[in-house]
Every structure is written in structure tokens, then in C-alpha cells.
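Here's the structure, in C-alpha cells; my notes come after.
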Amino acid sequence: MDMTFVIYKLILCVVILLLSLVIAMYATLAERKIAGFFQDRLGPNRAGTFGLLQPVADGLKLFMKEEFMPANADKILYIMGPSLTMLVALLSSAVIPWGGSLIIAGKEFALQVADINIGVLYVFAVISIGVYGIMIGGWASNNKYALMGAVRAASQMISYELAMSMSIVTIVMTTGSLSLNEIVAQQHGMNWNVFTQPIGFVVFVICAFAETNRAPFDLPECETELIGGYHTEYSSMKLGFYLFSEYINMFISSAMIASLYFGGYNFPFMDDLGLSHNMITIIGTVVLFAKISFFGFLFMWIRWTLPRFRYDQLMRFGWKGLLPWAIANMIITGFISLLIKNNFFAFLTK
Amino acid sequence: MNQDSTKISLTNRSKMVSNKKMTLIERFYLPAIFKGMSITMSHFFRKETTIQYPEVKRPFSDIYRGLHVLKLDDEGRERCTACGLCALSCPAEAITMIAAERKEDEKQLYREEKYASVYEINMLRCIFCGDCETACPKEAIFLTNRIVPSEYKRTNFIYGKDVLVEKADARVDVSKRQTPEVLEFKKDKTKSHNK
């Protein structure tokens, strides 16, 4: 392994880490602004022009707050909760292909930190760990509301993970690969998976909402019933980590939706423009971020439109609504791809 | 009773509650969700109703009852004679005053022999009803369309003469409040407090 490769990967790691943090930071501002516009208000506009310094002010405020720890809390787990949530939120950005590849001085640099051939499995694994951060935090707080929120979060995330996995399994079936890079590359041009997997797409998006604990699935937090749920006992930057990781999760989920179903960095007519390889890559990255912004907006749009589910509705929807649909979608996809493989549709093209 | 089953509705917006089973499309919820999203989106582009307060102020009515003013007469003398009718009429007991006798060299300051050496209104007690203005026989106190600003300490809300008395070079216009009806009422000397 040569030195330039290591340095390049290190730079890419740092850039993506900073990028996710800055985007999450400004997602909080966007959330508040968009909430304001949806409710005929202006949103924050005092700190800097258009409120651009508001996230800085919020962060500073959280840093200045008292570090509070309940007397009977489990000291180690109490600190581990938010740290784990933050870590897991940042981990999954490693396998997302942020663009094609740049060719500099005859060498090819892929805009992806780790092109592992089981990228999809890796994302599943990381998402599954995500529940531990909330669970540990809620348990360690030694508070009944926090525990209630944590239990809700655990059962909700495990329930919706099933339907989510089922919908991704169909993608794996049609593309024949577990590598995210390969899945995105196969959607070259306009061959986006959303056109072949509309049901899978809807199921995946709904599950992504549930996995990120966003409205209408924000039962673990639900400030009206559980006083903040699992982070009731948290203050200062530990609370900040919990709130912040929600926005990072949102960003990563949007990136996942864009990569799996909306072609990632691919855009229509990318071969017909007659641009150089590097130029296409840069435009592709911009396009990917435009898609991510759209899905981020969708997350907020839904949040300020739909009320929260009741808990039994949530469970019924997950197990009796989404899961059967995802399984049916998987069976149909499998059946059709088998027919295609055996040239069953050959008579159509004759 | 039962024969007249037509419901009386004041607004024509009441709807019958029904427990009917949802149709298949309704059970998918997606059409209803898209409808809701289109409603929120229509609000997204609507004009904001926010009034950015310190820079932009809501237009006040001409006869808005806000911060009081103690008027000076045309020669710049205080009109108030510390008769105490305003304090007596005040339902919130917000007004206190201490009367004093005018010295010989103070004729350019006070219109009559008696004046208020201390005149205080507690703005936290005041309910801005305007009874003090109605009670005043000397047309000395008026409510204006200025508002009482916020303060950090409760004691700062007790306004003395330094704030309440209008400055001779910056008169407060209260002509809008002195409607013909008010002036007519004040002329009626059969009312004991107008004497």
C-alpha cells in the first residue's frame, strides 16, 4: 500500500467527517427555518443574516450549560450512551460512494472511504448498533421516562429494521451485489432502482423515518408524553450529541435513499454531455448532494405535516403493514427475476 | 322533540361523526398523507404573519390606551392639581400621589396653587382601562398610543413624574382621544367630578 493512497484516504475521511458535522449543524437551522415557513413564521433570523450563526449560538449555549449527572446514574454507561450514538451515526458514512472517481496525475481516486464488497451488510450492522446508544443512555439515566423512551426506541427500531432489510434484500437480488459502489454504478444514467422497486422504495423511506426516530415515529423522544424520552436526564453537550446525531442520521439516511433508489451520483444524460471524466464526477457529487438535500427536506416536510403515531398503531403498522408488503415485494421480485433469467420474456422481444 | 330532527347549526361547518370502515385506499393512508403534505406546502409559500417587533410595529388605533402622559397647559405649566380623583377611580389602585402647595416663585411651573410633588403609577398594577382619564377634571392625565417597555426589575415599573410629565419641547398629541363626546361630557358640571 503506497503512501499517497493512505494520505488520500485520511484526507477523505476528515473531509467527510467535517462535512457530515457541518451539514448536520446547518440541518438544525434548516429544520427550524422550514418549520417556521410551514407555520407561516420566519424562523430564527436574529443571529447573523438569515440566522446563519444560529447553529453556532446553539452549540455555544449547549457547551456553556451545566454538566449534570443524576446521583444514581451508572456513570460509565451514562457517558457511553451519547458517545455511542454519535459514533454510530458517523460510522455509516464510510461506505457511501460520494461520487465516481477523480483521475489526478494518471492515478484513480475513488470518492468513497471504503469500497467493501459487503457495504450493505455493514450499513445494517451499524444501524443495529444505533439502538444501543439510545438504550444504554435511557437505562443509565435511572429515570422511568428515560427507560420508557429507551424501551420504545428499542422495540421500534428492531421492528422497522426487518421491513427495511427486506426492502434492501430486493435491491441486492436485482443488482446481484452487496457492494454499495456496485449498486450505485449499476444505476448509471437514468436506470434508477426506484423505477423497478417502487414498493421497496416506499417501505424503505418509511422505515428510514422510523430508524432515525423522526416524526411521525418520534415516540422514543415525544416531548409531550415522555418529557424528552431517553434524553430526559441529559444536559449540556451530552444532550447536544443526542440531538446532533439525529441530524447526522437524517443526513446519512438521505444519502442511503439517494444511493440505493435514486442513482446516487448518477444523473440523466451523463454520457451525452461530452465532458471529461473528472468533470462528470464533480457534477455527480453535486447532483448527489442535491438529492440528499431533497430527501432531507422531505424528512422535515413529513415531520411538520403528520402527527405522531399511537404506540399500538406503530407496532401494527410495522409488523402487519410494512413487513408483509416488503416480503410480498421480495417474492414478486424474485419470481420475475427468475423468469427473466430463464428467458421467459423472450417471446415479447421476438 | 324527535319529529324535528333537523339540526340547528350556527356555522354550517359541523360534520356527522361516523365509525364506518375505511375503504382500501383509505387504509393505505398515502393519499391522505399527500393531501396533508400539499396543505403544508401551500403554507410554505404563504406570506409570513410575523411582525418583527422592535423594527416593525403593529399599527395602533388612534385611541389606543397605552402609557399615560401628564399634560402641560399652553404655557408649559403642569395641569395636575393633585385632587386624587384619578387615584380614587383607579380600579387597580395603581396611582399614588403626594400633594404640595405651590411656592410664590413656582407660578410658571404649576397652574394652580396645589400640585403633585410626587405622582407615581405602577405599570404592573395598571390595567390601562382609562378611568383616570375619564375622572380627571383638569384634563391633566391621558392615555397615549405609546406602550410600556419591558424591564428587568419590578421597581423600574413604578413610573414617576420624570417619565409621565410631557416635555415642553416634545409635546404628546392626545387630540385624537379628546373626541367631541368626551369634551361635551367634561363640560357637564352637574357631574360632581367635573366641577
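Below, chains carry the letters A, B, ... as their sequence lines are ordered, and counting in each starts from 1.
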Of A:F289, A:Y261, A:F262, which meets ring-ring contact (aromatic ring centres under 6.0 Å, His included) against A:F295?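 Filter result, single survivor: A:F262.
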At a heavy-atom separation under 4.5 Å, does [X] approach chain B through its side chain, its backbone, both, or neither?
X	result
A:I302	side chain
A:F317	neither
A:L306	side chain
A:I206	neither

Just to verify, what does A:F267 make a ring-ring contact (aromatic ring centres under 6.0 Å, His included) with, not counting sequence neighbours?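 If we apply the ring-ring contact (aromatic ring centres under 6.0 Å, His included) test to A:F267, skipping adjacent residues, there are no hits.
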A:Q187: what forms a side-chain hydrogen bond (donor to acceptor under 3.5 Å, both in side chains) with it, not counting sequence neighbours?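 So A:Q187 forms no side-chain hydrogen bond (donor to acceptor under 3.5 Å, both in side chains) with any residue.
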Top residue by heavy-atom pair count (under 4.5 Å) with chain A, among B:Q52, B:H43, B:M37, B:K47?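 Of B:Q52, B:H43, B:M37, B:K47, B:M37 has the most heavy-atom pairs under 4.5 Å with chain A.
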Are the side chains of A:I332 and A:I199 in contact, using a 4.5 Å heavy-atom criterion?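 No. Closest side-chain heavy atoms not under 4.5 Å.
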May I ask you to check whether A:F297 and B:F44 place their ring centres under 6.0 Å from each other?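 Here the rings of A:F297 and B:F44 have centres that are less than 6.0 Å from each other.
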